[in-house]
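Written out below as structure tokens is the structure these notes cover.
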Amino acid sequence: MAVMLLVALTVALFAGGATPAHADDVDVDKYDYVLAGNVTFNGTPLDGVLITVTGPGTDTEVKTGADGKWRVGVPEKASYTVTLDEDTLPEGVVVTKGGNTMTAEFGLTKTKSVNFFLGEGTRVTVSFFDQLINRVANGLNFGLLLALAAIGLSLIYGTTGLSNFAHSELITFGALMTLVFAVNLALPVWLAILIALVLSAALGWTLDAALWKPLRKRGVGVIQLMIVSIGLALAMRYTYQFFVGGATRQLPGASPAKLQLGPLSLSWIDLTSMAISVVVLLGVAYFLLRTRIGKATRAVSDNPSLASASGIDVDFVIRVVWVIGAALAGLSGILWAYFRPGVSWDMGFQILLLVFAAVVLGGLGTAFGALVGSIIVGLFVELSTLVLPPDMKFVGALVVLIVVLLVRPQGILGRKERIG
Amino acid sequence: MIDWGQVFSNAAVELISPTTAAYALAALGLAIHFGYTGLLNFGQAGFMALGAYGYAISILTFGFPVWGAVLVGIGASVIFALILGVPTLRLRADYLAIVTIAAAEIVRLLFTTNTFVAVTGSANGLSEYKDGFRALNPLHFEGTAGFGPWQHSADDWWVIIVSWTVVALACLFTWSLMRSPWGRVLKGIREDEDAVRALGKNVYSYKMQSLILGGVFGTLAGMIFIMPRAVIPAHYATSLTFFIYAILLLGGAATILGPVVGSMLFWVLLSFFSGFVARAVEVGWLPISQVQGGQLRFILVGVAIMLIVIFRPQGLLGNKKELAFVK
């Protein structure tokens with residue numbers, strides 16, 4: 001039962017600056033603009049509720065008076081964040097709608113009232129252990145989808161020596177194509193995903209056939225190739241934006257309700273995503289370890305000249321690696337679009353560095369190292385939100401990358417002789 | 001009809017704008033890293049961010065004078081170069097690339113996060129740090145002055161004069177350094193690291209010195225960069241580094257004047273192209289929106305980087321023999 005109550009409708013406008021300051025008024029005489037509110041529950045004013053106002057030029061705390069009112073003066077006609085501390089509410093009262101943080105923006109007047117919706121109920125506090133379990137699950141999910149992209153990147157590096165900075169655009173491509181076919185052309189999602197994967201593979205084939213193979217034939221150095229891939233990434237990324245614009249759009253069925261599995265709260269999309277990643281990764285492992293062409297791939301990765309001398313068609317192997325790598329990146333992009341959630345033109349670029357971090361952590365050029373590295377990066381990114389603010393969660397993973405290079409530069413599964 | 005005079009004069013303004021000077025200086029720093037020493041630094045945006053924020057924060061938060069703020073920025077970038085260099089300079093070149101690009105992103109994310117909003121201004125960035133610099137301005141006149149398309153106020157001329165003086169001094173300094181024994185060791189490291197080591201030179205230490213020097217140039221460039229605008233964290237994204245690489249490769253990686261010529265050419269062409277596209281969209285020649293017109297130029301930069309590296313890796317002024325990265 002949750003009785004919705006509109007708390008604090010409006011507050012009388014105080015015209016002059018002559019009003020004496022109360023304990024529940026902060027900076028009101030000092031500044032022209034005033035944020036105000038009235039915290040009541042079922043008609044009873046609530047005393048001593050802590051309100052925090054942050055924004056340009058201020059970071060103020062105020063407690064409601066005996067009448068439940070509070071006022072805070074702010075220096076600018078700008079947008080301020082108002083937070084109600086739920087711990088200071090009486091027991092059995094919670095903020096029911098819109099959360100305990102609000103953004104207040106001034107309209108035509110110099111006073112803006114900020115209302116919170118209070119209701120009866122008990123606040124769900126997630127215990128640290130439950131949070132930890134959920135973060136681990138999310139981290140595994142994220143790590144697995146990173147691994148899909150990282151294995152392709154690592155195989156391409158291993159066979160051609162190219163650090164492919166355009167891999168992020170292959171990731172975005174999968175998600176964008178799914179968006180085009182599932183939303184713009186209104187096909188069923190599974191069909192759209194299949195088409196997107198086929199197109200991703202085709203893109204990999206085309207890139208190798210039209211760009212990378214001719215460059216290899218010209219004998220262009222690996223650093224030149226890397227800079228070419230940067231140029232390609234820039235051109236592709238802005239071509240995407242040219243056609244789809246800067247907005248984030250959702251794939252069909254994104255953000256469904258969460259299922260409660262004991263302490264775990266995951267949606268069926270999270271579960272499917274993890275299942276798909278695991279199955280595909282097992283498939284890649286089978287391909288690399290058991291099939292002829294997979295063994296050839298590892299041989300080329302180890303030593304291209306020797307592989308070539310033993311009768312392996314190196315160009316064919318590289319072509320296969322590009323096709324597989326691009327398709328895996330496309331799949332990773334689709335899963336990333338459901339994980340974020342949303343499809344945007346630069347979504348691949350947002351995780352490119354994490355993919356690189358995963359590959360370097362695991363050992364450049366080793367496929368299984370990329371898997372291990374990705375899981376570590378995924379877990380680290382999610383677990384770091386337990387202690388770091390969410391907008392810094394990528395920082396932790398990148399710092400780990402630098403620290404690992406200090407102690408074990410060849411990566412976790414890399415061999416020492418790979419580093420020169 | 002398109003006002004060609006306006007398009008051309010807007011493009012000409014970029015020839016000597018402080019932004020052009022800032023990119024030229026940052027590219028000169030990269031020329032020391034990449035062109036002369038063969039270090040793949042992809043974190044030049046991070047060095048520029050440290051310069052910009054080091055300067056602005058010193059003035060706004062700590063009330064330092066201009067020279068103090070400049071020193072703080074330089075100090076920050078020396079420390080940053082040491083942090084980057086210690087783990088990576090002994091490793092293969094592509095490791096440095098990945099670590100520097102990651103470190104520059106860390107710097108940008110730290111300046112963007114809400115956690116330090118009181119000092120960094122978070123995503124809104126910083127402004128109001130220009131008074132100290134303007135107080136040093138010896139020029140006093142009302143309105144604008146200049147010749148041809150270059151009409152600027154006294155404050156703008158002051159920024160232009162100081163920034164191009166810094167660029168000129170940096171070019172002169174680099175030119176004399178690269179003729180010195182120290183510079184010859186750097187070029188030796190670029191050509192064959194092991195040979196230089198065999199001659200008894202401490203390659204690691206030379207690489208570190210090169211990383212620091214180029215980084216300091218990047219930091220000074222970051223300070224020039226914020227003179228005509230505010231400090232906004234989004235400016236220091238990875239694309240900034242890529243743009244500077246485009247400029248360096250256009251002018252010539254292992255040259256002194258290459259970065260300057262590259263930057264002038266880059267900005268004049270880019271401004272001309274944007275101006276032309278914007279006008280063409282206005283009069284209905286192109287069936288695209290103004291926003292899309294803005295994106296066309298990024299696509300153009302990307303394609304230009306690819307074409308230059310494939311077909312003329314030495315750039316406009318470079319010598320193909322002086323290129324470590326073309327094997």
Side-chain angles (χ1 to χ4, degrees), chain A residues 54 56 59 157 161 163 165 211 214-215 218-243 245-246 345 349 352-353 356-357 359-360 364 388-395 397-399 401-407 409-410 418-420, chain B residues 34 38 40 42 83-84 86-88 90-95 97-99 101-103 105-106 109-110 112-115 117-118 121-124 193 238-239 241-243 245-246 249 288-289 291-292 295-310 313 323-327:
Chain A
T54 53
D59 184 358
Y157 179 86
S163 307
F165 276 84
L211 183 65
L215 289 183
R218 277 174 68 115
V220 175
V222 288
I223 292 177
Q224 256 174 305
L225 289 180
M226 179 167 124
I227 298 172
V228 170
S229 83
I230 288 172
L232 178 69
L234 209 59
M236 283 177 78
R237 189 151 69 241
Y238 284 95
T239 308
Y240 294 157
Q241 198 191 6
F242 185 85
F243 286 110
W345 61 283
F349 190 59
L352 177 69
L353 284 182
F356 264 109
V359 171
V360 173
L364 266 172
L388 289 177
D391 56 358
M392 274 166 68
K393 65 179 178 186
F394 288 178
V395 171
L398 298 177
V399 169
L401 166 70
I402 295 178
V403 171
V404 167
L405 282 183
L406 257 177
V407 285
Q410 70 272 35
R418 282 181 179 272
I419 316 300
Chain B
F34 177 63
L40 269 175
F42 276 106
I83 294 174
L84 286 183
V86 168
T88 52
R90 292 181 204 278
L91 303 177
R92 209 170 39 197
D94 33 5
Y95 279 89
I98 293 167
V99 167
I101 203 171
E105 275 297 284
I106 292 175
L109 289 171
L110 287 179
T112 313
T113 176
N114 266 320
T115 316
V117 64
S122 183
N124 291 329
E193 203 179 309
T238 319
S239 337
T241 307
F242 295 164
F243 274 35
Y245 260 94
L249 293 166
I288 57 174
S289 72
V291 181
Q292 284 177 316
Q295 283 141 18
L296 267 185
R297 69 185 204 166
F298 288 96
I299 300 174
L300 187 82
V301 172
V303 173
I305 292 179
M306 291 167 70
L307 293 179
I308 297 169
V309 172
I310 295 171
L323 280 183
F325 70 101
V326 180
K327 287 276 168 19

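Order of the sequence lines fixes the chain letters, A, B, ..., with proteins taken first and strands second; residue numbering starts at 1 for each chain. Note that the structure is a prediction, hence the values are computed from the model and not measured.
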When rounded to the nearest 0.5 angstrom, what distance separates [atom1] in [X] from [atom2] in [Y]?
X	Y	atom1	atom2	result
A:M226	B:L40	CE	CG	4.5 Å
A:I402	B:L84	CD1	CG	6.5 Å
B:S239	A:Y238	OG	OH	4.5 Å
B:I305	A:L234	CD1	CG	5.5 Å
A:I227	B:F242	CD1	CZ	10.0 Å

Quick check on [X] against chain B: is it the side chain, the backbone, both or neither that has a heavy atom closer than 4.5 Å?
X	answer
A:M236	neither
A:L225	neither
A:S163	side chain
A:L215	side chain
A:V359	neither

Of the backbone (N, CA, C, O) and the side chain (C-beta and beyond), which part of [X] lies under 4.5 Å from a heavy atom of chain A, both, or neither?
X	value
B:I288	side chain
B:I101	both
B:I299	both

With heavy-atom distances below 4.5 Å as the criterion, would you say the side chains of [X] and [Y] are in contact?
X	Y	value
B:F42	A:I230	yes
A:F165	B:T238	no
B:L110	A:M392	yes
A:L401	B:I98	yes

query = Of the non-hydrogen atoms in B:T113 and A:P389, which two are nearest, and what is the gap between them?
reply = OG1-CG, 4.3 Å
message = Which heavy atom of A:Q224 sits nearest to which heavy atom of B:V309, and what is that distance?
response = NE2-O, 2.9 Å
message = Taking every non-hydrogen pair under 4.5 Å, which of A:V360, A:L398, A:V403 racks up the most with chain B?
response = A:L398
task = Would you mind telling me which of A:L232, A:L211, A:V399, A:L388 has the largest number of heavy-atom pairs within less than 4.5 Å of chain B?
result = A:L232
query = Tell me, which pairs form a salt bridge (charged side-chain N to carboxylate O under 4.0 Å, His left out) where one or both residues lie in residues 221-237 of chain A, sequence neighbours left out?
reply = A:E169-A:R237
ask   = When heavy-atom pairs shorter than 4.5 Å are enumerated against chain A, which of B:E193, B:E105, B:R297, B:Q292 gives the highest number?
value = B:Q292
task = State which residues pass side-chain hydrogen bond (donor to acceptor under 3.5 Å, both in side chains) with B:Q295; sequence neighbours excluded, sorted by chain then number.
result = A:Q241
